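This report refers to the structure that appears directly beneath it.
Position 1 is the first residue of the sequence; numbering continues from there. Note that the coordinates shown come from a computational prediction; the quantities given were computed from them, not determined experimentally.
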Amino acid sequence: MEKHDVSVQVAEDLGIGKESYDNIVESLGRNPNLLELQIYSVMWSENLSYKSSVSWISSLPNKGDNIIAGAKESSAGVVDLGNGECCVFKMGTHNHPSGIDPYQGAATCVGDVCRDIVSLGAKPQIILNSLRFGDSTLDRTKWLMDEIIKGINDYSNVLYIEDIGSEIFYNSSYDTNPIVNVMVAGIVSKDKLLFNRKMEAGQVLFIVGNPTGAEGVFGQNESFTIPKGNPDLGSSLTDAILKLNEQDALIRVENMDLAGIINSCSVVSAHADTGIDIDLNKIPLSQNGISIEDVLLSRTQERFLLVADKKNTTLITRTFEDYNIVCEEIGELTSNKSIRLFESSKIVAEVIGKDLVMGFGAPQTDRKFHDLIQTDSIDYLETIPEPDNYWKVINKMVNNPNLVIKEHLQRNIEEAIDNSPSDAQITFLGDHKKAVCFTVSGNSVYSFNNAYIGAQINIARAARRIVCSGGKPLAINDCLNFGSPLEENVYSQFVATIKGIAKASSYFETPVVGGNVSFYNESSVLGKRKPINPTPVIAMMGTLPSKKNHMSYIFRNKGEMIFLIGKSRNDISGSEYLCSYHQKCQVGIPYFNIEDEIAIHKTIAKLIEAKLICSAHSVERGGLFFNLIESSMPLGLGFDITSPAEVRMDAFLFGEAQGRVVVSVSMENEDEFVDMMMESGLPFSTLGHVTKGELRIDDISYGYIEEYKKIYMKNNIIG
């Protein structure tokens, strides 16, 4: 064992307090050396130990009838689809790297999440993105967006991953700190799932993929560089690992990302409840002169740690040789409890794996928080005058980049309903072509004004989209993007968000099966650090029990009746209308009642099953007017609607009160539809009917849908 004189002061310089240092001494039974202290320092950092968040994350529900692996149990969530197949999905984030090197930051985010999917034996197949940028008029915003989107696309295209949707929003709080959240999903046969396989002493460890370099070393390193991805190697690694898994040659696969080798070894040791011996001289390096700490903590991309039985050593090495991928046996699992690192047969460090890993022995921090003073009860109609020219309002809002309809313009609408767009993205996965639904949902304005309710709205909205598509919500991943947890108000927002997610995920029976927390997202304003708006993003998956029940949001025929399920309300709080037209941004939160949502979802499902509606579309950002435009645009139809006398026109058209769904109904089904709605006891109202292409509100024409298409095409800045 190498001896270097270390003191409490050295530990404190590395961010380890005296109490934590004393715990290390007690666990090891001796004083640590400098390398060991560096390992503890990095592994106990916020990004790896989740010391400020793990206790709160643990309160989230992660069990369910369909859930095989929930949050904290594996590198990605696993949901049973039936027929012997599982869906593996994970949401990840690379906010900070993407703010420095947007192309590589975004590309490596895709690669990292894909490796988490592969580590469970699944092939990455689809991707969704949730992106946040600053002021859309800034050159920096345009540069960041172009590079981030290119990085995502370039990496996913090489792996033949289908991009099935994105949400992109702008807010000045992200001017220098973009948010890059990526969700990837794939399918694996239940009998090939790499989860909870028995690990024991005597099994061997391989490192495969890129030789280790000094880039992306995690910790206090002045020469820190953004690691670069290699999608071609990533694709070959995926194929090789899936091939070996088909031959039952692997026990566990661990993705190497943050803190690379030491992190992966610690996770394996903790879950296996064994020790590990690693020969540092056997680790393939990309350059000479790399220090031991850099080798252990490097974030070199496209690497895995494999655990296998000795009998499969030859098969594993030959398989990677066939793919021209570096593969080296570097150690084995042992019967003790420590990770021993050898260099030239000498132990240079010995640490306890369980002490280092989140949810095992890594220390937790109780930070101060308080109940937030919320502003959701303000009635903005009392102080905001009603516009006297709605043409002017509409013209301004259709040019709002947060209301540009991007996804709908990129699809070729086909006659077959199965191929028509719906509120949630539908994809057919696996040998049985199971219809699986996905959506991503986030609204930082709601969360800024009421973190507890805002989190619930995100989940309710995601569930509403899946239900409106004919699906059944099953599980969620989350990306929780916040400022510094050292700021009491930011941490209070985080705690309120967790409480909101816990409540809503329980109500909708959508356990949390994965995700992450990203703190320290801040911008510099006049030399001061300013946190981003709290930005929890929900990725929800579900299934389509019957492909015949796939429901689109598009209007199909002139003359169909248009109904609103739910209630129009005198409410413009938290709306894009309030911000874009009246310049009152980040104020208020729209009406929300979780009980209303549950009842509406049940009724929508019954209407779809009974074949009584032609379309279903959740009312969300931009309000009813933009909901109707989205339904009209694909087939060039329009609408003729009448506003209720008791609701102010701007609230009726642009308010974002939750718990509302617009449906279209054929004339022959109208009576039966009304009967079912009366039986449900839910509020509903007749809005009007579908037209050949004109937009009419209260007998006033607001142009034709083709005119709006041209505006959207002009503003569709991502092409």
Side-chain angles (χ1 to χ4, degrees), residues 132 135-137 167-173 375-406 441-450 453-454 457-458 461 533 564 566-592 617-633 639 641-662 687 695-698 700 702-703 707-708 711-712 715:
R132 301 290 185 279
D135 186 334
S136 64
T137 64
E167 62 168 22
I168 300 177
F169 297 112
Y170 305 89
N171 185 286
S172 60
S173 80
T375 59
D376 53 295
S377 61
I378 297 175
D379 182 0
Y380 291 96
L381 293 182
E382 292 183 352
T383 56
I384 299 295
E386 182 175 1
D388 55 9
N389 185 334
Y390 278 93
W391 263 112
K392 184 178 178 181
V393 176
I394 290 170
N395 183 64
K396 187 171 183 63
M397 291 186 68
V398 296
N399 286 284
N400 179 338
N402 283 337
L403 294 172
V404 170
I405 302 171
K406 309 172 185 72
S441 170
N443 189 307
S444 64
V445 173
Y446 299 167
S447 292
F448 179 83
N449 291 302
N450 190 320
I453 299 298
I457 289 177
N458 277 336
R461 183 171 63 174
N533 284 354
L564 177 68
K567 188 176 180 180
S568 291
R569 298 178 183 275
N570 273 314
D571 182 5
I572 58 173
S573 297
S575 63
E576 279 289 335
Y577 160 69
L578 193 60
C579 180
S580 65
Y581 189 74
H582 293 287
Q583 302 302 303
K584 291 190 176 296
C585 302
Q586 299 178 193
V587 289
I589 191 166
Y591 170 88
F592 173 75
H617 195 10
S618 168
V619 180
E620 300 180 7
R621 191 183 295 265
L624 180 67
F625 181 80
F626 285 87
N627 174 288
L628 294 170
I629 283 184
E630 289 168 5
S631 293
S632 299
M633 193 173 289
F639 54 85
I641 62 172
T642 302
S643 64
E646 69 275 12
V647 178
R648 209 169 86 170
M649 176 71 80
D650 52 353
F652 171 68
L653 291 177
F654 310 119
E656 296 179 17
Q658 300 296 297
R660 293 183 295 158
V661 175
V662 171
L687 292 175
L695 279 54
R696 297 187 65 84
I697 305 170
D698 292 340
I700 298 174
Y702 287 89
E707 299 166 8
Y708 290 85
I711 295 173
Y712 281 123
N715 291 330

For [X], salt bridge (Lys or Arg N to Asp or Glu O under 4.0 Å) partners two or more places apart:
| X | value |
| --- | --- |
| R660 | none |
| D571 | none |
| R648 | D650 |

side-chain contact (heavy atoms from CB on, under 4.5 Å) partners for [X], two or more places apart:
| X | answer |
| --- | --- |
| S575 | I572, Y577, L578, E656 |
| S632 | F555, F639, I705 |
| S172 | D175 |

| query | How would you list all residue pairs meeting side chain to side chain donor-acceptor pair (under 3.5 Å) that involve residues 385-397, not counting sequence neighbours? | reply |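 Found E386-Y390.
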Suppose we screen for side-chain hydrogen bond (donor to acceptor under 3.5 Å, both in side chains). Which residues come up paired with [X], at least two apart in sequence or across chains?
| X | answer |
| --- | --- |
| N627 | none |
| T383 | none |
| E576 | N400, N402, R621 |
| S441 | R461 |

| Among all residues two or more places apart in sequence or in another chain, which pass the ring-ring contact (aromatic ring centres under 6.0 Å, His included) test with F625? |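 By the ring-ring contact (aromatic ring centres under 6.0 Å, His included) rule, F625 matches F654.
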| Heavy-atom side-chain proximity of V661 to V619 below 4.5 angstrom |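 No, their side chains stay 4.5 Å or more apart.
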| task | Validate the cation-pi geometry between R569 and Y591: distance from NZ or CZ to the six-membered ring centre under 6.0 Å, angle to the ring axis within 45°. | result |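 R569 over Y591 ring: yes.
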